[in-house]
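Notes for the one structure printed next.
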Amino acid sequence: MENVKKIEGQLSATGLRFALIASRFNSFIVDQLVNGAVDTIVRHGGRKSEISIIHVPGSFEIPLAAKKAAASGKFDAIVALGAVIRGATTHYDYVCGQAASGIGQVALETGLPVTFGVITTDTIDQAIERAGTKAGNKGADAALAAIEMANLSRILEKGEI
């Protein structure tokens, strides 16, 4: 489209600081999401020394930790990482809904990019697929989104539009 100004964030993590908020529940899956996120940040020019991993008990607790991390002023973006696998009760629905809503709310309230790397699946096999096998690594995907949004936020805050 001619004469249309295109504004987007770059995929360079150089000089950016990240908080990864990672659930300990279902850690055999979440650890793979964390590895994917760290690897993605480093592959895009970020330094491991600029990545903080903050562990929380479960995905329900991610929003509060994300809000406090955002309020610290120490990060350019936050990546929320967790795994909620459906069980025999309705607990799954409440945890998924509250985690998603809370994570989105933190981004809107703080103005800091907070990306959603919480996988929600019906089975353990589906979770394994999304943590680095057939369906890619959703932690890596969330880190890519965080890199792009951190850079876009800088552009928008400077009024370079």
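Residue numbers run from 1 in the order of the sequence given.
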So I78 and T115, side-chain contact (heavy atoms from CB on, under 4.5 Å) or not? Walk me through it. CA-CA 6 Å; I78 296 171; T115 60; over 6 Å; no
Rounded to the nearest 0.5 Å, what separation is found between the CD1 atom of I29 and the CD1 atom of I124? 7.5 Å
Check side chain to side chain contact (heavy atoms under 4.5 Å, CB included) between S153 and all other residues, then give those that pass, not counting sequence neighbours. P113, E157
Who passes side chain to side chain contact (heavy atoms under 4.5 Å, CB included) against A37, sequence neighbours left out? L20, L81, A143
Under a 4.5 Å side-chain heavy-atom rule over Ile, Leu, Val, Met, Phe, Trp and Tyr, are M149 and L11 clustered together? no
According to salt bridge (charged side-chain N to carboxylate O under 4.0 Å, His left out), does anything in residues 25-35 pair up with another residue at least two apart or in another chain? List the pairs. none
Single-linkage hydrophobic cluster V42~V79, side-chain heavy atoms < 4.5 angstrom: yes
Given side chains that start at C-beta, do those of I119 and L33 come closer than 4.5 Å, heavy atoms only? yes
Single-linkage hydrophobic cluster I62~F116, side-chain heavy atoms < 4.5 angstrom: yes
Does some side-chain heavy atom of L16 sit less than 4.5 Å from a side-chain heavy atom of N151? yes
Less than 3.5 Å apart, which donor and acceptor atoms pair up between the side chains of residues 94-101 and the rest of the protein, not counting sequence neighbours?
none

Return the CG to CZ distance between N137 and R130, rounded to the nearest 0.5 Å. 12.0 Å
According to a hydrophobic-cluster definition based on side-chain heavy atoms being under 4.5 Å apart (Ile, Leu, Val, Met, Phe, Trp, Tyr only), do I54 and V38 belong together? no
Out of curiosity, N35 CG to Q32 CD, how far, rounded to the nearest 0.5 Å? 5.0 Å
List for me each residue that meets salt bridge (Lys or Arg N to Asp or Glu O under 4.0 Å) alongside D141, sequence neighbours excluded, and say none if there are none. K138
Using a 3.5 Å distance criterion without hydrogens, assess whether the side chain of T133 forms a donor-acceptor pair with backbone atoms of I128. yes
Name each donor-acceptor pair under 3.5 Å that joins a side chain in residues 21-28 to protein atoms two or more places apart or in another chain, with its distance.
residue: S23; atom: OG; partner: F25; partner atom: N; Å: 3.1
residue: S23; atom: OG; partner: F25; partner atom: O; Å: 3.3
residue: N26; atom: ND2; partner: A83; partner atom: O; Å: 2.8

Kindly write out the residues that satisfy salt bridge (Lys or Arg N to Asp or Glu O under 4.0 Å) with E129, not counting sequence neighbours, or none if the list is empty. K134
Holding to side chain to side chain contact (heavy atoms under 4.5 Å, CB included), I want the full list of residues that pass it with A13, two or more places apart in sequence or in another chain. F18, I41, H44, I147
Tell me the salt bridge (charged side-chain N to carboxylate O under 4.0 Å, His left out) pairs involving residues 43-55, sequence neighbours left out? D39-R43, R47-E50
Between V34 and I53, is any pair of side-chain heavy atoms under 4.5 Å apart? yes
Using the salt bridge (charged side-chain N to carboxylate O under 4.0 Å, His left out) rule, collect all pairs that involve residues 97-126, keeping only residues at least two apart or in two chains. K67-E109, R86-D122
Donor-acceptor contact below 3.5 Å, side chain E61 vs main chain G58: yes
Quick note, side-chain hydrogen bond (donor to acceptor under 3.5 Å, both in side chains) partners involving residues 68-82, not counting sequence neighbours, are R17-D76, D76-R154
Please name all residues satisfying side chain to side chain contact (heavy atoms under 4.5 Å, CB included) with T110, sequence neighbours left out, ordered by chain then number. A70, V106, L112
Just wondering, are more than 12 heavy atoms of other shown residues or ligands nearer than 6.0 Å to CZ in F60? no
Could you grab the distance from atom CG of L144 to atom OG1 of T40, nearest 0.5 Å is fine? 5.5 Å
